[in-house]
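Below, each value reflects all heavy atoms present in this structure, side chains not excepted, and no hydrogens, waters or symmetry copies. Given the structure is predicted, the values throughout are model-derived calculations rather than measurements. Along the sequence shown, residues are numbered consecutively beginning with 1.
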Amino acid sequence: MERKVFTTAEEFHSANRELKTVLPYSSDTAVLAEPLDLGDRKIPNRLVCQAMEGCDGTADGRPGELTCRRYDRFARGGAGLIWFEATAVMEEGRANPRQLWITKENLDSFKRIVEDIRETAFKANGYEPVIIMQATHSGRYSKPNGVAEPIIAYNNPIFEKNSPIPPERIATDEHLDRIGQALVLGAELAEAAGFDGVDIKCCHRYINSELLSAHLRPGKYGGSLENRTRLLRESIEGAIQRTSGDFIVSSRINAYDGFEYPYGFGVREGCGIEFDSAEPSWLIDRLYGLGVRLLNVTMGNPYFNPHVNRPFAKGGYEISEHPLEGVKRMLHGTAELKAARPEMKLICSALSYLGVAAPNVAAAFIQKGGFDLAGFGRTIFAYPDFASDVIKTGGLDREKICICCSKCSEIMRTPGGTPGCVIRDREVYLPIYKEKCMG
């Protein structure tokens, strides 16, 4: 079967039937324009700009020119929730030398970009989005000086094979304590900058996410599920304690890694790589008990098995499963977690491959109680006003959709690359692609 993003509803229905992915579809997408109450806050609609890093900040961590351009486009685009990109809380944990990095010294620059987002969005749409900052430590993918300087939870033969990372690069319990303290401080700084909330990032194999599968690690951060989730839980608890009552403390969590036990989360011993919701559901219950009311669900590792978290039409390797199978795993998996804790508001991921069918599938899941908000990642690079079009017309313009060609990721993986959409935003990003990826 051809692997391309769906440009008509008929293409989607045909593939859905042939592959038996059982993805629901609703012709009525009005639910996506409805607000969602979150405690004392109201998210204006159900459409979310996911955290999409631009690698275009300054050396000292401030938003750069392309950063400001990107968020101006997102603000005009009408999404009710903007999940502000990965922002480091320690210099050692920056994924690249131009990753955003929030500090007391550069706080004013973050205040300005948040104020600009609010002002621009209100002028364009008549409402302000909720804005949540993703606080991160990149762990094994840290490159603060442009070369790999990994800080890992444990050596993983799936990645390291016969060349383990030196033991001095394995974070001690005391080192992880300091990372937790930095994440809590990052939450305080996010509130001081004017963000509505913070995401204590726990996905895509960065340090918090890697710990979820640290079955073989000794000490207080490994072994038991209680220990493997300790850094996340204690960082979230600290953030809640150190910020005001109406400040949202959340997380983007990996519910499933796509690796067998004992190196993957969301799987069961002896069951291969089949998704198992038991441990993720336990974690969601514990976070709910701490006071968390919103979580952003994802899966996979964009550096190793990106077809799991962002099914693609074209990528860096061939996969046996059709991309629609990846969408099915993500959306039905999120719905399974929602069923286990209906009170928790969940954001889904992996919608971009659905093309014009994305709003219809998302609406059907929301109508059935499968999740609460529809998260769009690669789409927002290609089509920053997607939310406005969905709200006004009920659907997406086939001439604007992301085609899932992976060129934005290709730029991001190239030293010094600043990713964006080469196809739909070609005036800015085609020259960057040619220089960094073809030059």
Hey, is the main chain of [Y] close enough, under 3.5 Å, to the side chain of [X] for a donor-acceptor pair?
X	Y	answer
S209	R205	yes
D196	I132	no
S406	K314	yes
R293	M344	no
T29	G394	yes
S142	G139	yes
R424	I401	yes

Does [X] come within less than 4.0 Å of [Y], counting only side-chain N to carboxylate O?
X	Y	result
E325	R329	no
E410	K436	no
R252	D199	no
R70	D56	yes
D60	R98	no

Does a donor on one side chain sit under 3.5 Å from an acceptor on the other, for [X] and [Y]?
X	Y	answer
N360	S26	no
R233	T229	yes
T298	N309	no
S277	E336	yes
Y261	S213	no
D397	Y383	no
N156	E160	no
H307	Y317	yes
N106	S109	no
Q134	N296	no
E210	Y154	no
E10	S14	no

(message) By the definition salt bridge (charged side-chain N to carboxylate O under 4.0 Å, His left out), identify the one residue from K392, K400, R76, R73 that meets it with D385.
(response) K400
(message) I need the single residue from R46, K345, K42 that forms a salt bridge (charged side-chain N to carboxylate O under 4.0 Å, His left out) with D37. Which is it?
(response) K42
Is the gap between the ring centers of [X] and [Y] under 6.0 Å?
X	Y	value
Y353	F312	no
Y25	F12	yes
F304	F159	yes
F275	H332	no

(message) Could you report the tightest heavy-atom contact between S235 and L183, atom names first, then the distance?
(response)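 For S235 and L183, the tightest heavy-atom pair comes out as OG-CD1, 3.7 Å.
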Quick check: do [X] and [Y] have side-chain heavy atoms less than 4.5 Å from each other?
X	Y	value
E92	H175	yes
P359	L396	yes
E34	N45	no
T243	V249	yes
I423	Y429	no
F365	L23	yes

(request) Look up atom CE in M90 and atom OG1 in T136, then write down how far apart they are to the nearest 0.5 Å. (result) 12.0 Å
(request) Give, for atom CG of L346 and atom CD1 of I284, the distance between the pair rounded to the nearest 0.5 Å. (result)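 L346 CG to I284 CD1: 5.5 Å, rounded to 0.5 Å.
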(request) Fit a plane to each ring of Y141 and Y303, take the angle between them on a 0 to 90° scale, and name the class: parallel (under 30°), tilted (30 to 60°) or perpendicular (over 60°). (result)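 If you compare the ring of Y141 with that of Y303, the planes turn out parallel.
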(request) Indicate the ring-plane relationship of F74 and F381, choosing parallel, tilted or perpendicular according to the 30° and 60° boundaries. (result) parallel
